[in-house]
Amino acid sequence: MDKIVISAAEVAHTEASSDVPTRLEPKLEPAIPSWAKWTLLPLVLVLPVLCLIAIVLRVAMRTLPPRNRYAWTSFIATLLIVSGLLTSVATVLSFSFAPLPSLVGAGLGELDEQTSFPLLPSASAMSAREVSEKLKPLVAVISPARRSWFTHEEMPSASFGAGTLLQATPEGYLFVTARHVIDGPGWNAARATSHGLITMASGGWGGAEIVGRHRNLDLLLLWVARESGTGFFVQPLARSAIEGASIFVIGHPEGLRFTLSTGIISRLHGSTLQISAPVSPGNSGGPVFDDRGQLLGIVTSMVDKHGDPNAENLNFAVRADALLHDTGWEFSGFGKRRLTDFIEQGEQLEKTLPVDVNH
């Protein structure tokens with residue numbers, strides 16, 4: 001059979017027959033009326049309201065034809081996605097530019113409002129209950145400061161320890177803690193900072209200036225300026241320690257704030273006290289008191305049973321009489337004057353005490 005060839009010219013002259021009727025496509029009404037779209041569109045700015053309306057429409061759409069139900073579902077989903085994005089952007093911007101309440105204040109209002117402090121040392125030996133009532137208010141929570149990603153404000157870090165009040169004057173408050181509470185294990189120089197955070201039992205954090213670090217001992221001095229109040233206090237230090245003497249330790253073991261534990265001085269070795277009172281992470285920097293309320297030492301370390309399964313209640317503290325000398329310290333600001341003033345006030349206090357209390 002011969003091939004039939006149709007040229008381009010013949011195709012160009014070909015016209016559709018006018019006898020074939022034109023097919024008319026049916027026009028359907030919009031699945032979603034325009035007025036409904038414009039009514040719901042502003043709700044993208046109010047996500048909670050839009051979510052509530054979406055739930056109501058979802059229930060009402062059960063009786064609609066599949067075409068209308070699919071169109072409504074797509075439209076509502078689009079509105080929810082846009083509203084979620086706008087809400088997220090608005091939240092980020094509000095955190096970035098709107099000032100948030102600061103977690104850290106300038107001072108310690110709880111101490112400022114305190115009109116009187118316990119009279120120490122006690123004339124007679126105190127019971128554990130008396131120690132808890134009188135000495136716990138002298139103990140603080142100490143934490144290194146870190147900056148918030150959103151506000152760049154300082155806030156407490158996850159690690160913390162304890163500290164004890166040494167002196168309250170019209171100018172401010174002098175605290176002592178373990179150096180590794182702020183500087184980290186090994187007193188990492190890279191983590192050294194000029195300040196830390198401190199709070200008492202009320203829970204309001206205040207900024208504290210680091211005014212002294214001991215070069216050889218695990219000791220650190222903090223200073224908090226006073227905003228109001230006139231209450232005066234000097235913490236008496238025990239100039240001697242005796243093996244077997246009863247002791248009281250106050251700290252925050254494993255986050256259990258202001259926990260009191262008891263024990264004895266197990267051993268003396270140079271500037272170190274070995275104590276039998278239970279100690280856990282969170283006790284570091286906390287005070288070791290005798291039964292008269294005199295400061296015997298500052299908790300510094302423990303032998304962890306995870307590292308040595310045979311270790312049982314081996315805990316250590318730096319003797320507090322190291323605070324009676326201003327040598328061996330690295331001072332900043334008015335740190336030396338603060339410590340010297342504390343030593344002089346302590347000597348004046350000792351002159352007013354009976355001999356048996358001093359020794």
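Everything numeric in this text was worked out from a predicted model, so none of it was measured.
Of the possible polar contacts, one joining the Q114 side chain to the S116 backbone as a donor-acceptor pair under 3.5 Å is found. Between the side chain of S132 and the backbone N or O of A128 there is no donor-acceptor pair closer than 3.5 Å. Between the side chain of S122 and the backbone N or O of G293, no donor-acceptor pair lies under 3.5 Å. The main-chain N or O of L120 is never found under 3.5 Å from a side-chain atom of Q235 such that the two would form a donor-acceptor pair. In this structure a side-chain-to-backbone donor-acceptor pair under 3.5 Å is missing from T177 to I142.
Heavy-atom neighbours of K136 NZ from other residues, nucleotides or ligands within 6.0 Å: above the threshold of 12. A 6.0 Å sphere centred on CG of L256 holds more than 12 heavy atoms belonging to other residues, nucleotides or ligands. Other residues, nucleotides and ligands place more than 12 heavy atoms under 6.0 Å from the CZ atom of F232.
Applying the side-chain hydrogen bond (donor to acceptor under 3.5 Å, both in side chains) rule to Q274 yields no partners; only residues at least two apart in sequence or on another chain are considered. Judged as a side chain to side chain contact (heavy atoms under 4.5 Å, CB included), and not counting sequence neighbours, S332 has no contacts. A search for ring pair (Phe, Tyr, Trp, His ring centres under 6.0 Å) contacts involving F258 returns H252, not counting sequence neighbours. Taking the ring pair (Phe, Tyr, Trp, His ring centres under 6.0 Å) definition, one finds that F117 meets it with F233, sequence neighbours left out. Residues forming a side chain to side chain contact (heavy atoms under 4.5 Å, CB included) with T87 (at least two apart in sequence, or on another chain): L47, S83, T91. Residues passing the salt bridge (Lys or Arg N to Asp or Glu O under 4.0 Å) test with D321 are R319, sequence neighbours excluded. Listed by chain and number, the residues in a side-chain hydrogen bond (donor to acceptor under 3.5 Å, both in side chains) with N315 are N313 (sequence neighbours excluded). When the side chain to side chain contact (heavy atoms under 4.5 Å, CB included) test is applied to A241, the partners found at least two apart in sequence or on another chain are I265, L268, L273, L296. Residues meeting the ring pair (Phe, Tyr, Trp, His ring centres under 6.0 Å) test with H214, sequence neighbours left out: W329.
Taking the charged nitrogens against the carboxylate oxygens, E347 and K351 have no contact shorter than 4.0 Å, which rules out a salt bridge.
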- Message: I'd like to know whether E330 forms a side chain to side chain contact (heavy atoms under 4.5 Å, CB included) with R215, so could you lay out the CA-CA distance, the side-chain angles of the two residues, the decisive distance to 0.1 Å, and finally the verdict.
- Response: CA-CA 7 Å; E330 296 175 352; R215 299 187 188 94; 3.6 Å; yes
- Item | From CA spacing to verdict: side chain to side chain contact (heavy atoms under 4.5 Å, CB included), I250, T259 | CA-CA 6 Å; I250 301 175; T259 296; over 6 Å; no
- Residues L40, L79; criterion side chain to side chain contact (heavy atoms under 4.5 Å, CB included); working and verdict: CA-CA 8 Å; L40 295 177; L79 293 182; 3.9 Å; yes
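Looking at every heavy atom in both residues, N283 comes nearest to G251 through ND2-CA, 3.4 Å. Pairing each heavy atom of L108 with each of T199, the nearest pair is CD2-CA, 4.3 Å. Residue L295 comes nearest to A320 through the heavy atom pair O-CB, 3.3 Å, listed as atom of the first residue, atom of the second, then distance. Heavy-atom minimum distance, F248 versus M126: CZ-O, 4.2 Å.
Side-chain atoms of F342 and L221, non-hydrogen and from C-beta on, never get closer than 4.5 Å to each other.
Sorted by first and then second residue, the salt bridge (charged side-chain N to carboxylate O under 4.0 Å, His left out) pairs with a member in residues 253-268 form an empty list; sequence neighbours excluded.
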Output side-chain donor-acceptor pairs under 3.5 Å for residues 160-176, partner residues at least two apart or in another chain, one line each.
residue, atom, partner, partner atom, Å
Q167, NE2, D341, OD2, 3.1
T169, OG1, E171, N, 3.2
T169, OG1, G172, N, 3.3
T169, OG1, G172, O, 3.3
E171, OE1, R338, NH1, 3.2
Y173, OH, L111, O, 3.3
Y173, OH, D112, N, 3.2
Y173, OH, D112, OD1, 2.6
Y173, OH, R226, NE, 3.0

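Under a 4.5 Å side-chain heavy-atom criterion applied to ILVMFWY residues, the cluster that includes L85 comprises I81 as well.
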